[in-house]
Amino acid sequence: MKEYDHKKIEKKWQLEWNKKQIYKTLNKGKKMYVLDMFPYPSGVGLHVGHPRGYIGSDIYARMKRMEGFNVLHPMGYDAFGLPAEQYALEHKIHPQKAVEENVKTFERQLSIIGLSYDWSRKVNTTDPKYYKWTQWIFLQIYNSWFDKTKNKARNIKDLIYIFEKNGNKKVNAVCNNNVEIFTSKQWNLYSKKEKQDILMNYRLAYEGYSEVNWCPKMGTVLANDEIINDEFGNPVSERGGYPVLKKSMRQWFMRITAYADRLLAGLDSLEWSDHIKEIQKNWIGKSEGSEIGFRVVIADQLGKDIIDSNFIKVFTTRADTIFGATYVVLAPENLLVEKLKSKINNWAEVEKYIQDIKNKTDEDRTKNDKEKTGVELKGIKAINPANNEEVPIWIADYVLASYGTGAVMEVPKQDERDMDFAIRFGLPIMDEPLVDSIEITKKVSGKMVTKYKMRDAIFARQRYWGEPIPLKHDKDGIITEVNLKKLPLLLPKVKSYDSTGTGESPLAGVKSWVKDGYETNTMPGWAGSSWYFLRYMDPINTKEFASKKAIDYWKNVDMYVGGAEHATGHLLYSRFWNNFLYDIDCVSFKEPFKKMKNIGMVLATDGRKMSKRWGNVINPDEIVKNYGADTLRVYEMFMGPFEQSLPWSTESIIGSRRFLEKVWRIGAKFANDFSRSGSSSSLVRGPEKLFANEAIFQTLLHKTIKKVSEDIENFAFNTAISSMMILVNEMEKLENISIKDFKMFLKILAPFAPHMTEEIWQNLNENNSINKSVWPKWDKNKIQDEMLKIAVQVNGKVRSEILISKDIKEEEIKILVFKDKNVINWVGGKEIKRFIYVPGRVINIVV
RNA sequence: GCCCGAGUGGCGGAACUGGUAUACGCGCACGACUUAAAAUCGUGUCUCGUAAGGGAUGUGGGUUCGAUUCCCACCUCGGGCACCA
């Protein structure tokens, strides 16, 4: 064996592994599903930070393979979305073409790192064979409603049946807020369109409207972060500075809120970092409280006429403070405001306020530090049901229509925000005793309810590059589904990917598409990524998204690796879809990702994010060329804790390279012995030196095997590598280790440096890949040191050290300790108050 | 504002469940090999002190025989939410 020539070695083994398909996944054996979050293949190529997570999961997958698991470790692409569309616009090519180019770049960069994916299972969300099933799942969701009693999704046919049977009796289902549910007629008497509209309030995928930021000049919809304020505080587009308005747009929604409770409860069963669980928990935002009705009356009128049946329903988590409630505030959008119009004396003022609100951006409206605004609804009052006091009614934009009931009771004494508002508008402030929440709720005929902050998710984009939504609208507004047999509904060719200027998707400009009545919105980016982990199980199935057999075998992902930035997006949506698929018996498990590790970011040397803009990007190709893939892999794992963001340092990489070179040199010595003697007779050199250190070395070796095994299991790769460094430093000094021991070490290094260890391995007359060898087991009897060094403290300060054998008794230790010179010195003749011995660790003498 | 998390040498970081703080690596210094350099190897490297010894894990307190680890307050940084009643 000669020099460590990483270029030659890495190329050679990558070709060989490919040829022999050693990472091909079978469908039998003890299963282990190790998954990376699939990337969005962008045009700019990778920087050294991107592969870091892939390297970690690769090491894990490799160890699991060696431990005898049948490992599924695939890779694919999430390739629908805006960047590809914009890239296509700029370069005047089809987005599909852009995706293909980007995938190519990505795979070239990834292939040189030596990741052990089974590429035969590759998926791509933009492939019609894939998005056929995204569309199929969408239709299942569309055709479902959520039964609160059973706490699961059911087919919409069941709901129709209930309506037919029970007429207008209430159904315990999750449905839209503030919508008049049918109550007036028998189900059968409704028209087709009316039935459709009623059902739309229950479907888990439903059509609705939402306000978007609309820039008339640009003719596009803008995201919140694409909007800034001009010098007068008016919202304008970041690019160009054109005015931005609110516009109500037709959208599709997913009723994820139906699953709020299950998504929250499911977190307990997941082995995720507490951090991510916490973020999801806060996002779901469960709070328990009371719904209480405040009667509305005409102000200053004797007898206090009740205005028909109107109640202001407020939601509060502090019903106990109700005696201190001195006014109520409604959201300006609360439907009750419009209803009470005729009783409100200052309607002009109220209407103006509501209008002003509409022209504000969400960001403006919800800014915490701005002064509170509001208008009193004059001429009417509310009755506090606890004490029958008449209290004023206000509307204010800080009360949100979308949360709770869109109305709150205000208790200035108990709440800082209420206090601000009360002081600003001179509203009464009263100090009243607290009562029991549950009792008072009952007493005032309110009810205990649970609310969630989470909102339904918009499931539509007014863009071209996404999955078509497989629905048709006819001229009477009747929606029909695209027949399952006709899926996939292919994305049509368009002349221009530019927006239409009306805010609609470019699909609205395709004549035949519109003529056929197809939905012009496309699915959002998260559609395809919400179920891709299921497709890897059976990626070329044309009959089902994956066979029952494959799903039952692979089940959930065992280890999921990716960025923490998906905490409230992808990770919530895919849990939602998986729960849904569980309800309709398509999968046998509720939670898709049992364990998860979140990769930290690699920052540039300057501590900033790597970005073209800062010119601080490090290209992995360069590093692989100069130092080798194995060195890159070891260094990226050695940098620091896997989940932590760390600054890159090309200066420090040399340490990882030196470590591998040391291993190489030891390997070379063994290999040279082979070539000289042609046999294994000289495996153990210098036997005379061997035995003095043999036991100590054995202990170190087995401790290292144990540590590396456990550290890989926990994704603590940095400490695994440091323990191997210690072992190698020791091996280098000893120079008389057995080849058997050295091979054990090579195996635990193999997941980190697969190419180099393979080369050494096969030079040692092994014919099968080290990556398919059996993971070494540590010997329990060997990991215990024979002799232990114990620190001796006097009054908590280390004063001496003693060497004891591992089975020594406390009594014997005492005798030993008090013979120690240093101890005698420090203890002197003083009285011993306490003698503390922590076995194997420390002795503390208190005088 | 609220909710999480983190602060350890010149730098990245290590430390099991409260038990010798600074492992491992980078850098730096000196030495060996070399005509020389690189590479490699060896030694040293928290701080004050000649030493004995003292002081250091963001700051200040507390609990304990013993605290980077537990508790309280504060400071700084990072993340999440953001008028959620």
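By convention in this document, chain letters (A, B, ...) are assigned in the order of the sequence lines, proteins followed by strands, and residues within each chain are numbered from 1.
Remark: Arg318(A) engages Asp320(A) in a salt bridge, criterion side-chain N to carboxylate O under 4.0 Å. A salt bridge links Lys703(A) to Asp785(A): at least one charged side-chain nitrogen sits closer than 4.0 Å to a carboxylate oxygen. Using a 4.0 Å cut-off between charged nitrogen and carboxylate oxygen, Lys286(A) and Asp261(A) count as a salt-bridge pair. Taking a cutoff of 4.0 Å between a charged side-chain nitrogen and a carboxylate oxygen, Glu810(A) and Lys814(A) do not qualify as a salt bridge. Using a 4.0 Å cut-off between charged nitrogen and carboxylate oxygen, Glu732(A) and Lys669(A) do not count as a salt-bridge pair.
Toward the 5' end of RNA chain B, the nearer of the two residues Val408(A) and Leu646(A), judged by each one's closest nucleotide, is Leu646(A). Nearest-nucleotide assignment on RNA chain B puts the 5′-proximal partner with Ile653(A), out of Lys797(A) and Ile653(A).
U69(B) sits 34 Å from A82(B) when the P atoms are compared, rounded to a whole Å. One P atom belongs to A6(B), the other to C71(B), and the distance between them is 11 Å to the nearest Å. Distance check on atom C1': G62(B) versus A14(B) gives 28 Å, rounded to whole Å. With both ends at atom C1', the span from G10(B) to C28(B) equals 9 Å, rounded to whole Å. Rounded to whole Å, the P atom of U8(B) lies 6 Å from the corresponding atom of G58(B).
Checked against G13(B), G80(B), G54(B), the side chain of Arg799(A) finds its nearest nucleotide in G54(B). Nearest to the side chain of Lys789(A), among U20(B), G12(B), C3(B), sits U20(B). Closest to the side chain of Pro641(A), from the set G19(B), U20(B), G13(B), is G13(B).
Residue-to-nucleotide contacts include a donor-acceptor pair under 3.5 Å from the side chain of Lys372(A) to the base of C83(B). Looking at Arg318(A), its side chain has no donor and acceptor atom pair within 3.5 Å of the base of A85(B).
Across all strands shown, G1(B) pairs with C81(B); the Watson-Crick or G-U wobble distances both stay below 3.5 Å. Of all nucleotides present, none satisfies the Watson-Crick or G-U wobble test against A38(B) with each distance under 3.5 Å.
The distance between atom CG of Leu803(A) and atom C1' of U20(B), rounded to the nearest whole Å, is 14 Å. Rounded to whole angstrom, the span from the CD atom of Gln280(A) across to the C1' atom of C81(B) amounts to 14 Å. Rounded to whole angstrom, the span from the CG atom of Leu571(A) across to the P atom of G80(B) amounts to 14 Å.
In this structure, G53(B) is classed as anti because its glycosidic torsion departs from zero by more than 90°.
Judged by distance alone, the side chain of Asp630(A) and the main-chain N or O of Met756(A) form a donor-acceptor pair under 3.5 Å.
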In residues 561-573 of chain A, what donor-acceptor pairs under 3.5 Å come from side-chain atoms, sequence neighbours left out?
unit_1: His570(A); atom_1: ND1; unit_2: Ser529(A); atom_2: O; d: 3.3
unit_1: His570(A); atom_1: NE2; unit_2: Tyr560(A); atom_2: OH; d: 2.7

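Glu410(A) comes within 4.0 angstrom of no nucleic acid atom, judged by non-hydrogen atoms across all strands.
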Subject >> Nucleic acid footprint by protein, nucleotides 38-45 of chain B - heavy-atom cut-off 4.0 Å, B for base, S for sugar-phosphate alone >> reply: --SS----

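Residue Ser652(A) has no polar side-chain atom (N or O) positioned under 4.0 Å from OP1 or OP2 of G27(B).
Taking the centre and axis of the six-membered ring of Tyr403(A), the NZ or CZ atom of Lys451(A) falls outside the cone set by 45° and 6.0 Å.
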